[in-house]
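Just so it is clear, the structure is predicted and the values come from calculations on it, not from any experiment. All values below were derived from every heavy atom in this structure, side-chain atoms included, with hydrogens, water molecules and symmetry-related copies excluded.
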Amino acid sequence: MVATPTCTTPLELLAAQVDCELFSLPTGAHVFSRGASANAIYSVKRGIVELEGTSAERICYRPGELFSYQDIVWRQGEHRSDAVARTPVEILRLDRLRFLNLLHNHPTLAVLLIAQQHDRLREQRTSGTCVY
């Protein structure tokens, strides 16, 4: 019997999906724009992506972190931020339905995303950038 590799991070789970797309963007390029249809989840494989919100809030995502899941799970189908490459980036993209199926098949992914959000809130609180 051949053992199948175990994916332990959100990035690895996304990358293991057959329909996952990998693309590269230069510094300053938009991954997506505020108001655009939120129909995919993204993960940073290499580089830094910054989300710029409507109230001038900015959040940077680093390698291994997923972003836009809030928009496709909790929003009305639109991105609420601009996502801009702050360095040359490699991005993984998985469409919304495939992501929701991935969550269904790997419920621990939800726990990993909650942990990522918790770490992000702790980081913001420590730096004084948390907005209430």
Query raised in the report: Are V89 and L51 co-members of a hydrophobic cluster defined by side-chain heavy atoms under 4.5 Å apart?
Result: yes
Report summary line: Taken to the nearest 0.5 Å, the spacing of C20 SG from L94 CG works out to 5.5 Å
Requested in this report: Look up atom CG in D19 and atom CZ in F99, then write down how far apart they are to the nearest 0.5 Å.
Outcome: 15.0 Å
Query - In one Ile/Leu/Val/Met/Phe/Trp/Tyr side-chain cluster, 4.5 Å: V84, V44 - result: no
Query raised in the report: Any idea how Y42 and H79 line up, ring-wise: parallel (<30°), tilted (30 to 60°), or perpendicular (>60°)?
Result: tilted
**Report entry** Interatomic spacing from CD in E90 to NZ in K45 - rounded to 0.5 Å
**Finding:** 5.5 Å
Requested in this report: Check for a donor-acceptor pair, side chain of S43 on one end and backbone N or O of E65 on the other, with a separation under 3.5 Å.
Outcome: yes
Check: residues 21-38 side-chain donor-acceptor pairs under 3.5 Å, at least two apart:
unit_1, atom_1, unit_2, atom_2, d
E21, OE2, R93, NH1, 3.0
R34, NH2, E52, O, 3.1
R34, NH2, G53, O, 3.3

Report task. Please name the pair of heavy atoms, one in G47 and one in P63, separated by the smallest distance, quoted to 0.1 Å. Result -> O-CD, 3.2 Å
Query raised in the report: Just by modelled atom types, is the I72 backbone N or O under 3.5 Å from a matching donor or acceptor in the R96 side chain?
Result: yes
Query raised in the report: Under a single-linkage definition using a 4.5 Å side-chain heavy-atom cutoff for Ile, Leu, Val, Met, Phe, Trp and Tyr, are Y61 and I48 assigned to the same hydrophobic cluster?
Result: no
In a table with atom names and distances, give each donor-acceptor pair under 3.5 Å that connects a side chain of residues 100-115 to protein atoms at least two apart or in another chain.
unit_1, atom_1, unit_2, atom_2, d
N101, ND2, L97, O, 3.4
N105, ND2, N101, O, 3.2

Query raised in the report: Measuring from D82:CG to R58:CZ, what's the distance to the nearest 0.5 Å?
Result: 9.5 Å
Query raised in the report: CD1 of I41 to OH of Y69: how many Å apart, nearest 0.5 Å?
Result: 7.5 Å
Requested in this report: Look up atom CG in N39 and atom CG in D71, then write down how far apart they are to the nearest 0.5 Å.
Outcome: 11.0 Å
